[in-house]
Amino acid sequence: MTPSAPPAGTPDTAGLATWLRGLFGPLLLVIVSIVALFFLFTREITRFIQFLLLAVVIAIIFYFPDVIVVIATGIARALGINTGGAGG
């Protein structure tokens, strides 16, 4: 028995994720820019660097969500845990 195609009224979640990235991506960049400028103008360089590193990590996860799976798989393999994937 083969799995049937999803019903016609099923929402397109891949399209939704792309749409949300297109909507919130520029908003994320504007917020990061404003906060970064605030830290620079108040001469809080340490907080600026911490914020910048955190913003880069969040942006990577936001724009490339598959990186979480790659990192988790790499950590599991380094620890010797069988991930149950094919070829391993």
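Heads up: numbering here begins at 1 and tracks the sequence. What you see below is based on every heavy atom in this structure, not just the backbone, and it leaves out hydrogens, waters and symmetry mates.
Counting side-chain heavy-atom gaps under 4.5 Å among Ile, Leu, Val, Met, Phe, Trp and Tyr, the cluster of Ile34 also holds Val30.
Hydrophobic clustering, with ILVMFWY side chains joined whenever heavy atoms are under 4.5 angstrom apart, groups Leu28 together with Leu23. Taken together through direct or relayed side-chain contacts under 4.5 Å among Ile, Leu, Val, Met, Phe, Trp and Tyr, Leu37 and Leu54 form parts of separate hydrophobic clusters. Residues Val70 and Val56 fall into different hydrophobic clusters, defined by Ile, Leu, Val, Met, Phe, Trp and Tyr side chains chained together at heavy-atom separations under 4.5 Å.
With sequence neighbours left out, the side chain to side chain contact (heavy atoms under 4.5 Å, CB included) criterion links Leu53 to Ile49. Phe39 meets the ring-ring contact (aromatic ring centres under 6.0 Å, His included) test with Phe51; sequence neighbours excluded. Under the side chain to side chain contact (heavy atoms under 4.5 Å, CB included) criterion, Phe38 pairs with Thr42, not counting sequence neighbours. Partners of Arg21 by side chain to side chain donor-acceptor pair (under 3.5 Å), not counting sequence neighbours: none found.
One distance of note links CD1 of Ile71 with CG of Asp66; it measures 11.0 Å at 0.5 Å rounding. Atoms CD1 and CD1, from Ile75 and Ile81 in turn, are 9.5 Å apart once rounded to the nearest 0.5 Å.
Atom CZ of Phe24 is surrounded by 12 or fewer heavy atoms from other residues, nucleotides or ligands within 6.0 Å.
Nearest heavy-atom pair across Leu20 and Phe62 is O-CZ, 4.2 Å.
You'll find the side chain of Leu40 reaches within 4.5 Å of the side chain of Ile45, heavy atoms only.
Applying the salt bridge (charged side-chain N to carboxylate O under 4.0 Å, His left out) test to residues at least two apart or on different chains, the pairs with a partner in residues 26-45 are Glu44-Arg47.
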